[in-house]
Amino acid sequence: LDKLYRMEAVRQKLQQLKSQVELAEREGDARPPLGHFVFVGAPGTGKTTVARIMAGMLCRSGVLAKADVVETSGLNLTGEV
């Protein structure tokens, strides 16, 4: 992420998650819920690249069991069954 442009907010969020997990482990608490991430932007702006980097970092730090990324489009997120 250090080599990518305008990633300050992403770096801060990752550090926040890492700190929360470390604190929970030190205190013997359950890990905080991770939730979901949605990356939005124009095509070619690096959304998938950032998602894959984040997944790898979260997996290496033990927050995620696997570094899998699920790609979808807004059409698949409309809530229609």
Main-chain N/O of E8 paired to K13 side chain as donor or acceptor, under 3.5 Å | no
Identify whether the distance between the nearest side-chain nitrogen and carboxylate oxygen of R52 and E71 falls below 4.0 Å.
-> yes
The residue among L14, I53, V50 that forms side-chain contact (heavy atoms from CB on, under 4.5 Å) with M7 is V50
If every non-hydrogen atom of M54 is compared with every non-hydrogen atom of F37, which pair is closest and at what distance?
-> CE-CE2, 3.8 Å
Give the minimum heavy-atom separation between A30 and A24, together with the two atoms involved.
-> O-CB, 3.5 Å
Is K66 reaching over with its side chain to a backbone N or O of C59, donor-acceptor style, under 3.5 angstrom?
-> no
What distance separates E27 CD from E22 CD, expressed to the nearest 0.5 Å?
-> 12.0 Å
How long is the gap from CG on L17 to CD on Q12, to the nearest 0.5 Å?
-> 12.0 Å
When clusters are formed by joining ILVMFWY residues with side-chain heavy atoms under 4.5 Å apart, either directly or through shared neighbours, do V10 and V21 land in the same one?
-> yes
Looking only at heavy atoms, which two atoms of A55 and L64 are closest? And how far apart?
-> O-CD1, 4.0 Å
Taking S19 for the side chain and Q15 for the main chain, is one N or O donor matched with an acceptor at less than 3.5 Å?
-> yes
State, with a plain yes or no, whether a side-chain heavy atom of K18 is found less than 4.5 Å away from one of V63.
-> no
